[in-house]
Amino acid sequence: MAHTDSPIVTRFAPSPTGNLHVGGARTALFAWAIAQRAKNSGAGGRFVLRIEDTDLKRSSEEASRGILEDLAWLGLSWDDGPEFESGGVRIGGDERGVGPFYQAQRKHLYDAFVQRLVDADLAYPAFDTPEELDAMRAEAQAAKKTFVYRRPEGYDRDAMLERAAAEEHVVRFKLPPEAVTVRDEVLGDVTVPYEELDDFIIRKRDGMPTYHFAVVVDDELMGVTDVVRGQEHLNNTPRHAALIRALRHEDGREFRMPRFAHLPVIANPDNSKMSKRDRDKAARAKCREVGVEALVQIHGRVGVGEGDFHAWLEDKTRQLPGEPLERLAAAVGVDLPEVAVDDFRRSGYLPEVLLNYLALLGWNSGEKDEEGKNIERFDLGWFVERFELSRVGKGSSKFDRAKLLSFNAETLQQMDPERFRELWRAWLERYEPEVLATLGDRFELGAVAAQPRAKTFKDAKEPVAFALVNDEQIVFDEKAVQKVLLKGDPNGAAVLGDLLGVLRSLEDWSPDAIHAAAEGFAKERGLGMGKVAQPLRVAITGNTVSPGLGETLALVGKDATIRRIERAVEHAQNAAV
RNA sequence: GGCCCCAUCGUCUAGCCUGGUCCAGGACGCCACCCUUUCAAGGUGGAGACACGGGUUCGAAUCCCGUUGGGGUCACCA
């Protein structure tokens with residue numbers, strides 16, 4: 001454990017172009033954990049949240065808000081950053097006076113640094129049109145070389161500066177002619193030769209800084225000591241390092257080189273990069289399967305114009321907005337793969353479980369329990385105590401939904417029943433209020449039956465689905481009817497008939513009492529419990545699968561139980577002829 | 001294609017830095033059996049990996065080189 005006295009500052013810097021996806025969430029988790037650990041050690045640590053909205057066209061306030069909310073839901077709160085209120089707790093603020101935290105509001109800061117670079121002849125205006133640049137790239141491509149932009153030899157600086165005063169232009173950084181080596185905490189040293197680096201743009205035509213410039217300036221101004229980000233940024237880091245060496249504060253102070261850590265990519269099981277498009281892909285595939293006729297009926301309910309809908313169907317690169325996509329998926333009956341944090345929330349995953357799983361993607365404590373097994377289940381506190389970059393793996397990893405699901409199921413099933421009830425209720429209130437309404441005062445009974453079988457909050461209702469429909473809506477599975485109600489001697493239908501009397505006279509309609517009554521009946525008749533329980537299950541649920549017998553009957557209520565049994569007996573008689 | 005990065009069961013990984021204790025351990029998934037009124041849960045067991053080829057060494061999953069494979073990146077996006 002390092003006892004550095006200087007505080008550690010990490011940051012998470014998403015661009016608000018969409019929801020927070022799991023890769024971003026893991027990056028945020030690791031960066032957060034480093035700051036948190038430093039805080040706990042007494043050295044001091046801060047976690048900064050900065051919104052990188054320099055792309056005016058693609059950024060949206062809605063996306064920013066969504067990301068804030070996702071982070072807050074996960075419990076990754078930031079010390080410096082946009083103010084946000086979550087469950088009565090305030091997150092963010094600008095205690096250190098390093099804000100604002102939206103880059104679009106920091107333009108004047110970037111401008112000053114750009115100007116200083118230009119004054120020092122370390123940056124220069126350039127006037128090439130996009131078409132010209134495309135042509136240059138094409139040429140390089142044809143020559144099988146990396147395209148690098150360089151300030152021409154005979155560049156007339158004064159003339160160009162004058163021209164820049166009147167004409168729209170970009171500003172490019174004059175890259176020092178040397179290879180750049182960057183130390184990376186997870187990958188080691190990475191060297192990129194000068195020939196691969198070019199005079200990249202630091203200020204765009206619209207006056208906004210490019211990503212490269214804004215990150216470097218902001219990380220310095222916000223005192224960031226550890227830059228943790230995805231490996232897709234690795235190739236950018238030498239550029240940033242060169243910039244950091246060139247940049248000076250107004251008083252001449254140099255910029256400090258932060259520690260860098262590039263996290264391996266998280267991929268799909270098929271090795272493709274996890275992307276929001278995966279959801280469209282899944283929906284599109286299902287639509288094809290369903291067929292055109294069915295789709296004609298469906299698309300009206302989705303809330304997308306017919307033209308747009310068909311364009312989406314044909315064009316693999318198109319995406320449908322979130323809500324319509326959800327509706328479409330529900331209509332055609334597919335489960336969309338979750339890729340964003342909010343998708344997992346909607347699907348009924350616990351934030352602490354998602355975080356636990358994400359922590360394991362690329363990191364491992366290396367610790368074993370008493371039985372010599374890897375420790376894989378832990379809470380945030382445990383994680384923060386041992387997280388370190390040196391134990392982050394270098395290889396990319398695939399997102400294994402089955403394992404996440406198993407973690408979630410285990411947590412849900414072992415949770416204190418009261419907590420399960422509260423959380424499930426809250427989830428239903430938010431996403432499926434109609435289920436809550438249908439359950440009414442049977443909610444607690446339902447929760448007892450659902451919890452041991454729940455994998456997510458979303459599917460928790462499945463084991464008690466029979467209690468959510470009317471008696472007449474129960475569809476009898478014919479195989480079950482044959483096997484359980486019609487075969488054997490006495491057959492199930494006959495047992496049910498006898499059972500009716502017992503149940504009718506039962507006053508106490510609690511799970512225990514029901515169970516005792518059924519057991520007493522079985523014993524009295526010399527029947528195995530299966531001979532009693534299975535016919536009842538078929539009668540109540542239409543199938544042979546349900547929660548405990550007492551719970552099942554209690555859940556539907558006495559009257560409904562009797563009606564369903566009568567209906568089943570009748571059905572069996574008809575089926576027999 | 002250029003450059004950069006990576007490589008242990010199907011998947012996530014422990015082990016690698018500090019070669020021998022590894023005919024490679026765990027988790028998820030899969031299979032079988034047990035428990036059992038069904039399901040779920042639980043219990044027990046099983047199949048399942050050091051990408052390949054060269055070195056170095058008495059000895060290599062561990063060190064070196066190459067091959068192959070995978071990924072990332074080549075924007076006035078971030």
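Here is how names work: the chains are called A, B, and so on, in the same order as the sequence lines, proteins then strands, and each is numbered from 1. The analysis underlying the following values was restricted to heavy atoms, covering all of them including side chains, and did not include hydrogens, waters or symmetry mates.
Put simply, CE on A:M415 is 17 Å from P on B:A41, counting in whole angstrom units. Here B:U38 presents its C1' atom at 14 Å from CG of A:L485, a figure rounded to the nearest Å. Per the geometry, NE2 belonging to A:H262 stands 16 Å off P belonging to B:A78, to the nearest Å. Going from atom CG of A:N356 over to atom P of B:C12 covers 17 Å, rounded to whole Å. Spacing between atom NZ of A:K455 and atom P of B:C39 amounts to 13 Å, rounded to whole angstrom units. Rounded to whole Å, the distance from OH on A:Y357 to P on B:U13 is 8 Å. The interatomic distance linking A:N408 (CG) with B:A41 (P) rounds to 14 Å, in whole Å. In this structure, the CG atom of A:L496 is 14 Å from the C1' atom of B:U37, given to the nearest Å.
Using Watson-Crick or G-U wobble geometry with both donor-acceptor distances under 3.5 Å, B:A7 finds its partner in B:U68. Shown here, B:G2 forms a base pair with B:U73; the pair counts as Watson-Crick or G-U wobble because both key distances fall under 3.5 Å. Within the shown strands, nothing qualifies as a pairing partner of B:A49 under the Watson-Crick or G-U definition with both distances less than 3.5 Å. In a base pair of the Watson-Crick type (N1 to N3 plus N6-O4 or O6-N4) or a G-U wobble (N1-O2 and O6-N3), with each distance short of 3.5 Å, B:C58 is matched with B:G20.
Checked against salt bridge (Lys or Arg N to Asp or Glu O under 4.0 Å), A:E220 has no partners two or more places apart in sequence or in another chain. Applying the side-chain contact (heavy atoms from CB on, under 4.5 Å) criterion to A:A516, with sequence neighbours excluded, gives no partner residue. Contacts of A:N374 classified as side chain to side chain donor-acceptor pair (under 3.5 Å), with partners at least two apart in sequence or in another chain: A:K368. The side chain to side chain donor-acceptor pair (under 3.5 Å) test applied to A:N235 returns no partner, not counting sequence neighbours.
For A:R391 and A:A454, each mapped to the nucleotide of RNA chain B holding its nearest heavy atom, the one lying further toward the 5' end belongs to A:R391.
For A:E462 and A:R453, the salt-bridge test fails: no basic side-chain N is under 4.0 Å from an acidic carboxylate O.
Taking atom C1' on both nucleotides, B:G46 is separated from B:C9 by 14 Å, rounded to a whole Å. With C1' as the reference atom, B:A47 and B:G10 are 12 Å apart, rounded to whole Å. Between B:A49 and B:A14, the distance separating the two C1' atoms is 13 Å to the nearest Å. Between the C1' atoms of B:C64 and B:G71, the separation comes to 24 Å (whole Å). As rounded to the nearest Å, B:C16 and B:U8 have P atoms that lie 15 Å from one another. Rounded to the nearest Å, the gap between the C1' atom of B:G19 and that of B:U62 is 6 Å.
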May I have the list of side-chain donor-acceptor pairs in residues 141-149 of chain A shorter than 3.5 Å, sequence neighbours left out?
unit_1: A:T146; atom_1: OG1; unit_2: A:E196; atom_2: OE1; d: 2.9
unit_1: A:T146; atom_1: OG1; unit_2: A:E196; atom_2: OE2; d: 3.2
unit_1: A:Y149; atom_1: OH; unit_2: A:D128; atom_2: OD1; d: 2.5
unit_1: A:Y149; atom_1: OH; unit_2: A:D128; atom_2: OD2; d: 3.4

Show every donor-acceptor pair shorter than 3.5 Å between a side-chain atom in residues 187-195 of chain A and any protein atom, with sequence neighbours excluded, or say none if there are none.
unit_1: A:D189; atom_1: OD1; unit_2: A:R183; atom_2: NE; d: 3.1
unit_1: A:T191; atom_1: OG1; unit_2: A:T181; atom_2: OG1; d: 2.9
unit_1: A:Y194; atom_1: OH; unit_2: A:R150; atom_2: NE; d: 3.3

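Using a 4.0 Å heavy-atom distance criterion, A:D198 is classed as making no nucleic acid contact. Residue contacts for A:D369: at a heavy-atom cut-off of 4.0 Å it reaches no nucleic acid atom on any strand shown. Nucleic acid contact class of A:K145 (heavy atoms, under 4.0 Å, all strands): none. Among the heavy atoms of the strands lying under 4.0 Å from A:T146 is at least one base atom, whether or not backbone atoms are also near. Across all strands shown, A:P547 has heavy atoms under 4.0 Å from base atoms, whether or not it also approaches the sugar-phosphate. Among the atoms of the strands shown, only primed sugar atoms or phosphate atoms (P, OP1, OP2) are found under 4.0 Å from some heavy atom of A:G362. Contact annotation for A:P14: no contact, since no heavy-atom pair falls under 4.0 Å across all strands. In this structure, A:H515 reaches the bases: a heavy-atom distance under 4.0 Å links it to at least one base atom across the strands shown.
For residues 173-192 of chain A, proximity to RNA chain B is found at A:L187, A:V190, A:T191, defined as any non-hydrogen atom under 4.0 angstrom from a strand atom. Using a 4.0 Å cutoff on non-hydrogen atoms, the parts of residues 536-546 of chain A near RNA chain B are A:R537, A:T544, A:V545, A:S546, ordered by number. Shown for residues 131-142 of chain A: residues whose heavy atoms fall under 4.0 angstrom of RNA chain B, namely A:L133, A:R137.
Phosphate proximity of B:C77 to A:T210: absent, as no side-chain N or O sits under 4.0 Å from OP1 or OP2. Listed pair A:K204 / B:A78 meets the phosphate criterion, a side-chain N or O lying under 4.0 Å from OP1 or OP2. The side chain of A:T54 places an N or O atom within less than 4.0 Å of a non-bridging phosphate oxygen (OP1 or OP2) of B:A78.
Using a distance-only test at 3.5 Å, with no hydrogens or angles considered, no donor-acceptor pair links the side chain of A:D379 to the main chain of A:N356. A donor-acceptor contact shorter than 3.5 Å links the side chain of A:T210 to the backbone of A:I201.
Judged as a salt bridge (Lys or Arg N to Asp or Glu O under 4.0 Å), the pairs with a partner in residues 231-240 of chain A (not counting sequence neighbours) are, in order, A:D198-A:R239.
Which of B:U11, B:A78, B:C76 sits closest to the side chain of A:Y211 comes down to B:A78. The nucleotide whose nearest atom lies closest to any side-chain atom of A:D55 is, among B:U37, B:C77, B:C76, B:C77.
Summarising the local packing, CD of A:E478 is surrounded by more than 12 heavy atoms from other residues, nucleotides or ligands at distances under 6.0 Å.
A tilted orientation is assigned to the rings of A:H169 and A:F127, their planes being inclined by 30° to 60°.
Within the 4.5 Å cutoff, the side chain of A:V484 has heavy atoms near those of the A:T544 side chain. At least one side-chain heavy atom of A:I244 sits under 4.5 Å from a side-chain heavy atom of A:P258.
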Using a cut-off of 4.0 Å between protein heavy atoms and nucleotide atoms, how would you tag nucleotides 64-69 of chain B 5' to 3' with B, S and -? ------

Once base and sugar-phosphate atoms are separated, protein heavy atoms under 4.0 Å mark nucleotides 25-34 of chain B, 5' to 3', with B, S and - as BBBBS-----

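A side chain to side chain contact (heavy atoms under 4.5 Å, CB included) with A:D53 is found for exactly one of A:P16, A:S60, A:S15, namely A:P16.
Cation-pi geometry between A:R386 and A:W382 is met: the NZ or CZ atom falls under 6.0 Å from the ring centre, inside 45° of the normal. Under a cutoff of 6.0 Å and an axis angle of 45°, A:R377 and A:F407 form a cation-pi pair. Both cation-pi conditions hold for A:R151 and A:Y124: the charged atom is under 6.0 angstrom from the six-membered ring centre and inside a 45 degree cone around its axis.
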Assess the residue pair A:V545 and A:T541 against the criterion (side chain to side chain contact (heavy atoms under 4.5 Å, CB included)); give the C-alpha distance rounded to whole Å, side-chain angles, the decisive distance to 0.1 Å, and a yes or no. CA-CA 8 Å; A:V545 176; A:T541 74; over 6 Å; no

